Structures are given as structure tokens and as C-alpha cells.
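Structure, as C-alpha cells:
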Amino acid sequence: MKSNLGRALDQLQRQVEAESLEKYGRRVIERWENPPHKGMIDNPSCRGKKTGSCGDSMEIFLRIQDGRIMAAGFVADGCGSSQVAASACCELSMGRTLEDAMSIDKNAVLELLGGLPDDDAHCAHLAAKTLEDAIHDWMTRFRDQAG
Ligand code: FES
């Protein structure tokens, strides 16, 4: 049998979960609980790293094959929204050509996530810029190899 404290903690937990669901939506919460593409990938071809104005950093790794993104992973030390935004960015990039992936922007990330609170929209921008940085890194390496 649960103590009064145990019941109070359960109620508090349910309240926090309900508030998070209302604020962020189911798609974001589910991705936050188990973010696809989290972590380093084997044999990355390139990487991008950005730090947002909030001070949080993010890194995205890509494996490129025949001009297409075949694997993507991320590490991020920031807020929950930055984790889900980086995860969404990696998902959006999979299988795309580099030129096509360059079009992935904040709006594409927000659309996949079903939106973020206004205060967290910059986290989606940071993720898109980090992906762009990774693609630039690959283009620089390719140019250097070709030159
Ligand atoms: Fe810094 Fe989200 S990335 S608050």
C-alpha cells in the first residue's frame, strides 16, 4: 500500500507529464523519450558543430555515399527541444542528396515535430544550422581532395 507521500508524488508526476504533453505535443514528447539518431555514427564522412546564442552546443555527423546521406547522428548538450530538433534534422536528411539536404531549415524541422513552443523555435534553427555546417564540412573536404 502506498504512503501519502507516494500518492502525492504519483499525482505530481502525472501533473508534470500532462503539462509537458500540453506544452510540447505528443510527437515531441515521444521523440524526446527515445530520440532516433542520437549518438555518434561509425565512420562519419563529415561533422558540423554549432553553439546557439543560448550557449548550448550541438554536433551532427553524416556518412555520405555517392552524394547521398546514408547515416546521420547527433550529440547535443542542450535542452530537450534541441535534442528532438537534432533528431528530426537527422531523420529529414536520411537518403537525401547533399544539395537537397541543404534545404532543410527550421520550418522543416518544426513541421516534422508538429511545432515547438515559441521560446524553443531557436533550437530548431540551431539544428538546421548544424546540419548545414556538416554539409559544408563535407563539401570542403571533397573540394580539398579534388584540388
Ligand atoms: Fe539552447 Fe534549446 S538549444 S535552449
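Basis for what follows: all heavy atoms, side chains included, without hydrogens, waters or symmetry-related copies. Just so it is clear, the model here is predicted, and its values are computed rather than measured. We count ligands from 1, going down the list as the structure has it; atoms in each ligand are counted the same way.
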Step by step, would you call Arg7 with Asn4 a side chain to side chain contact (heavy atoms under 4.5 Å, CB included)? CA-CA 5 Å; Arg7 282 193 296 276; Asn4 286 343; 2.3 Å; yes
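Salt bridge Glu91/Arg31: present, at least one basic N to carboxylate O contact under 4.0 Å. Ion pairing between Asp133 and Lys129 fails under the 4.0 Å rule for side-chain N and carboxylate O.
Judged by distance alone, the side chains of Arg63 and Ser45 never bring a donor and an acceptor atom under 3.5 Å apart.
Residues Ser81 and Leu116 approach most closely at OG-CD2, 3.8 Å, considering heavy atoms. Considering all non-hydrogen atoms of both residues, Thr130 and Gly48 come closest at CG2-O, 3.4 Å.
Around atom 2 (Fe) of ligand 1, the protein contributes the following N, O or S atoms at distances under 2.8 Å: Cys79 SG, Cys123 SG.
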